[in-house]
Amino acid sequence: MALKIHDTRSKKKRIFNPIEKDKVGIYVCGITPYSPSHLGHARQAISFDIITRWMRELKFNVTYITNFTDIDDKIIKVALEENKDFLEIANRNIEDYFKVMDAMNVLRADKYSRVTETIPEIIDMISILIDKENAYIGNDGVYFEIDTAPEKYGQLTGQTLEMVRSGAGGRVGETGAGKRDHRDFALWKSAKEDEPYWESPWGNGRPGWHIECSAMSLKHLGETFDIHGGGRDLLFPHHEAEIFQSECCLGIEHVVKYWIHNGMINVDGEKMSKSLGNFQTINDTFATIEPLALRYTLLNAPYRQPIEFNTTMVEESKIHYNRLINTYSQAFTLGKLGDWNKYDFLLLCSEKFISGMNDDFNTRVAFVEVQNVVKRLQELLLDGKEIEYISAAFSWLNKFAGEILGLLPCNEEIENISKHTIDAIAAISVRVEELLIERQKSRETKNWERADLIRDELNSMNVIIEDSPEGPKWKIE
RNA sequence: GCACGGAUGGCAGAGUAGCUAUGCAAGGGAUUGCAGAUCCCUGGACCUGGGUGCAAAUCCCGGUCCGUGCUCCA
């Protein structure tokens with residue numbers, strides 16, 4: 001069964017064939033660290049985490065590169081406001097990024113390339129573009145001249161030069177005074193007073209946004225590579241600009257073989273963004289939902305679909321996530337790994353899971369199978385007889401929900417969860433048993449009022465009573 | 001305005017031609033002093049108008065509505 005990937009350039013699902021057999025180079029546009037990361041960043045990081053995890057599961061040798069745009073107008077603005085060095089601002093937010101992403105089980109990329117560490121490569125690339133006359137020097141920087149490669153226009157968005165010309169309307173001339181045409185874009189921006197800068201043949205300045213990614217992907221992955229990813233909102237102009245730069249600089253028609261774009265997070269039907277003021281930082285969100293449950297929420301739809309982020313979505317994910325963790329922890333205490341290949345049900349779940357993931361990384365389909373196995377494991381645990389089957393289902397979850405989807409906490413944490421529960425039960429069990437006996441006596445004499453009072457008291461100790469035909473059972477909330 | 005994408009039960013959200021997921025919610029039943037938990041059962045959907053097909057939620061054309069992009073944006 002072959003892996004199919006939806007490629008934005010050709011606008012269809014294509015069977016994935018890497019440039020070099022069994023090897024995959026993937027570059028994903030990362031964040032500009034001028035503020036703490038928000039849910040959109042989480043969605044992007046988790047989407048590509050899943051994509052790389054799955055490709056590794058398929059035994060591809062994956063090189064996953066992403067970046068931090070650690071010099072940029074917005075970072076400079078924050079630095080000025082706080083009267084700090086721009087790198088301090090960037091580093092602070094990068095730290096925040098790693099902290100929240102680690103909490104959500106986002107595996108680290110092979111390399112987090114930084115713009116400030118790629119300046120020579122960027123300058124080289126711009127020089128070549130000037131030599132090839134694809135770029136010109138303006139009075140406030142260097143610009144890429146769109147008219148030198150009009151055939152490359154609209155490769156991702158279907159727009160033509162004329163469309164954009166008319167569409168931009170009154171905004172022409174607002175930025176980049178040195179441009180010949182408003183559709184040209186900056187490769188190098190001259191430094192204004194008090195701005196950080198690097199020396200270049202065109203004076204002191206800093207790189208434009210688009211050229212960084214062309215230079216960094218070239219530096220780390222070579223002239224052509226398999227996958228380029230990012231958020232849908234980067235399609236235009238960012239990724240189209242990259243196509244101009246990389247392809248004109250290298251003289252190669254297709255630098256990127258597959259383009260992958262993840263969908264946005266919506267609130268009330270609109271994209272979550274700073275300008276609308278409807279964004280949430282990841283850290284703030286952790287107050288209402290734990291990190292891995294949030295990961296669950298963000299994988300609950302295929303990566304290309306927009307996600308409507310609201311209370312319903314969050315609450316449902318919590319239910320599923322808690323069910324998964326509780327069931328898994330219960331089986332974990334039995335501590336045995338088993339072979340799921342011996343059970344038709346688990347084999348069938350594996351097959352559906354795999355075909356879902358192979359179909360453009362459809363995590364929603366994969367989740368259904370996880371839910372099915374959780375349900376089966378619950379039944380098995382309740383019955384308690386088929387220990388081997390329990391171990392097999394446990395192993396299945398360990399592999400598919402844990403290793404591949406990254407939804408499970410590490411073993412130590414699961415142990416801690418179990419241990420805490422055991423300790424908590426031990427600490428109050430004597431008292432609980434006393435109260436239960438008293439309650440049973442009250443029930444026998446049909447003193448319901450008294451029995452309910454005792455139940456209330458137990459509830460206040462976070463103990464939940466469940467009466468059953470075999471007598472009352474209790475557990476910690 | 002132009003480009004791209006979407007429209008599935010009360011809600012979330014799969015499914016790309018025949019077998020109509022899944023979860024939450026709802027209703028009914030079993031069990032129960034009540035509650036909870038669990039189990040069983042039930043109803044209910046494919047935006048609209050055409051077209052192609054033996055057969056369409058699924059393919060084609062038109063319309064309507066929504067989102068994204070055209071400016072920094074994951």
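Predicted model, so just to flag it, every value in this text is computed and none were measured.
As a whole-Å value, the separation of A/Met272 CE from B/rU68 P is 13 Å. With rounding to whole Å, A/Glu449 atom CD is found 17 Å from B/rC34 atom P. In this structure, A/Arg439 places its CZ atom 10 Å from C1' of B/rG36, rounding to the nearest Å. When the P atom of B/rU68 is taken as reference, atom CD of A/Glu308 falls 11 Å away, rounded to whole Å.
Of all nucleotides listed (B/rA74, B/rA14, B/rC70), B/rA14 comes nearest to the side chain of A/Arg364. Counting only heavy atoms from C-beta on, A/Val368 has its side chain closest to B/rA21 among B/rA74, B/rA3, B/rA21. The nucleotide whose nearest atom lies closest to any side-chain atom of A/Asp233 is, among B/rG13, B/rC70, B/rA74, B/rA74. Distances from the side chain of A/Glu466 to the nucleotides B/rG23, B/rA37, B/rG67 place B/rA37 closest.
The separation of B/rA25 from B/rA12, taken at their C1' atoms, amounts to 11 Å, rounded to a whole angstrom.
The side chain of A/Lys271 places an N or O atom within less than 4.0 Å of a non-bridging phosphate oxygen (OP1 or OP2) of B/rG69. For B/rC24, one of the phosphate oxygens OP1 or OP2 lies less than 4.0 angstrom from a side-chain nitrogen or oxygen of A/Arg323. Between A/Asn362 and B/rG15, a side-chain N or O to OP1/OP2 separation shorter than 4.0 Å is present.
Checked against the 6.0 Å centroid criterion, the rings of A/Tyr143 and A/Phe185 do not qualify as a close aromatic pair.
Take the nearest nucleotide of RNA chain B for A/Arg455 and for A/His238: the residue whose nucleotide is more 5' is A/Arg455. Comparing A/Leu156 and A/Asn372, the nucleotide of RNA chain B nearest to each residue sits closer to the 5' end for A/Leu156.
Between the side chain of A/Arg232 and the base of B/rC4, no donor-acceptor pair under 3.5 Å is found. Side-chain atoms of A/Glu316 come within donor-acceptor range of the base of B/rG23, with a qualifying N/O pair under 3.5 Å. Checked by distance alone, A/Asp452 brings a side-chain donor or acceptor within 3.5 Å of a matching partner on the base of B/rG33. At a cut-off of 3.5 angstrom, counting only N and O atoms as typed in the model, there is no donor on one side facing an acceptor on the other between the side-chain of A/Asp73 and the base of B/rC72.
Ring geometry for A/Phe244 against A/Phe144 counts as tilted: the plane angle lies between 30° and 60°, on a 0 to 90° scale.
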